[in-house]
2 protein chains.
Amino acid sequence: MGSEIEIFRSYIKSKGLRNTREREEIVQEIFSNKGHFDVEGLYMRLKRRGSKVSKASIYRNIPLLIDSGLIREVSYKDGHMHYEHVHGRAHHCHLSCIECGKVVEFVEPSIKEVEKRLESRYGFKIIEHRLDVMGYCKECLKRRLGKVKEDEKTRRNGNG
Amino acid sequence: MGSEIEIFRSYIKSKGLRNTREREEIVQEIFSNKGHFDVEGLYMRLKRRGSKVSKASIYRNIPLLIDSGLIREVSYKDGHMHYEHVHGRAHHCHLSCIECGKVVEFVEPSIKEVEKRLESRYGFKIIEHRLDVMGYCKECLKRRLGKVKEDEKTRRNGNG
DNA sequence: TTTACTGCAAAAGGTTTGCATGGGT
DNA sequence: ACCCATGCAAACCTTTTGCAGTAAA
């Protein structure tokens, strides 16, 4: 918290939008709690706090929060969308090239969903995961494609 | 196709439900196409085919198709749910207990989506992946919880 | 002063449901 | 004959939107 509202403020400013009491209240309320939230719950929390923010404003501001990288949609359950905080730099996974060994680090938030499902399905308490994806990188693909074409040419010349 | 409708028929029978022309048409239409679908699109396809199935019936049968393991929800986009086929037994991943070493095999179709995203983002051609998830199993969790409680008791007795 | 933002309420759009009818078993 | 499944249309619920007023910049 604190840093989130600053991120949001500078996002708003960078977009030439206006910072309002309502926006501050919404961001504040979202990040005053850890974990998922939905519009109805957020609206209730704000109301309880004495805020007069309307649901329409919540709905209108969620796209900004997503675009600013502060939250993301996690799932559509029980007839409505659920959101969660996106924290700083997340755990990353590896994508590596079978041929040249190049490694690309990538962040894959959806694995959290996988973990959640595993927890509820198997009763585990997930501590960590490791996702390694392997394949051919763009360059090696091109090289391989070139080779194939060369082979074909050789074959044609040799046979025809 | 073919096998899917058989799976559905036996599912219906096993549940003591009734097989109807509408159900056959829905399943047939879903599996006559590869890839994702949504209710609106499916409804249109059926209509075009001359079927008189109503949307209500589609909506009422989707839970059965999900329960029978033939389809699954993939995403909620553009204001409505999207579904996809679930094919036979897919590649499986591992969920293992840090404490007792127990291993659960699970199938995680959503990794396919991850792979697709990686391919388009990084230009790789993905060949395989390996997802290992680690945590504490239900039994070990219980045991650990018991230990914590015992420790607390000991502490209380020792201090009070 | 300009015009983006807000609240309200109505509208939109996907999904569910009540009811009477039709059809499997 | 029983009663599950269907079609229709209304209801439901979340989300979006039009409008007039409000308030940032």
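Proteins come first, then strands; the chains are lettered A, B, ... in the order of their sequence lines, and each starts at number 1.
- A side chain to side chain donor-acceptor pair (under 3.5 Å) with A/His36 holds for exactly one of A/Lys116, A/Lys77, A/His85; it is A/Lys116.
- Rounded to an integer number of Å, the gap from CD of A/Glu73 to C1' of D/dT14 is 13 Å.
- For A/Glu119 (side chain) and A/Ile126 (main-chain N/O), a donor-acceptor pair under 3.5 Å exists by modelled atom type.
- The salt bridge (Lys or Arg N to Asp or Glu O under 4.0 Å) search around B/Arg49 returns B/Glu29, not counting sequence neighbours.
- Residues B/Arg45 and B/Arg48 meet the side-chain proximity criterion, which asks for heavy atoms closer than 4.5 Å.
- No donor-acceptor distance shorter than 3.5 angstrom exists from the side chain of A/Asp67 to the backbone of A/Pro63, with no hydrogens or angles considered.
- Counting to the nearest Å, the P atom of D/dC4 and the CG atom of B/Leu64 are 14 Å from each other.
- Of the possible donor and acceptor atoms, one in the side chain of A/Arg23 sits under 3.5 Å from a partner among the backbone N and O of A/Arg18.
- Nearest-nucleotide assignment on DNA chain C puts the 5′-proximal partner with A/Ile26, out of A/Ile26 and B/Met81.
- As rounded to whole Å, 15 Å separates atom P of D/dC4 from atom OH of B/Tyr11.
- Chain B approaches DNA chain C over the interval C/dG14 to C/dT25, counting the first and last nucleotide 5' to 3' with an atom under 4.0 Å from its heavy atoms.
- The pair B/Glu25-B/Lys52 does not meet the salt-bridge criterion, since no charged nitrogen lies less than 4.0 angstrom from a carboxylate oxygen.
- Among the heavy atoms of the strands, none lies under 4.0 Å from A/Asp38.
- The shortest distance between side-chain heavy atoms of A/Ser110 and B/Glu113 does not fall below 4.5 Å.
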Sugar-phosphate means primed atoms, P, OP1 and OP2; the rest is base. With that split, encode nucleotides 19-25 of chain D 5' to 3' as B, S or - using protein heavy atoms under 4.0 Å.
----BBS
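- Mapping A/Ile58 and B/Lys55 onto DNA chain C via the closest heavy atom, the residue that lands nearer the 5' end is A/Ile58.
- Put simply, OH on B/Tyr59 is 13 Å from C1' on D/dC13, counting in whole angstrom units.
- Atom CG of B/Leu46 is separated from atom P of D/dG7 by 10 Å (rounded to the nearest Å).
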Go through A/Glu40 and A/His80 one step at a time and tell me if the side chain to side chain donor-acceptor pair (under 3.5 Å) criterion holds.
CA-CA 9 Å; A/Glu40 181 63 24; A/His80 61 270; over 6 Å; no
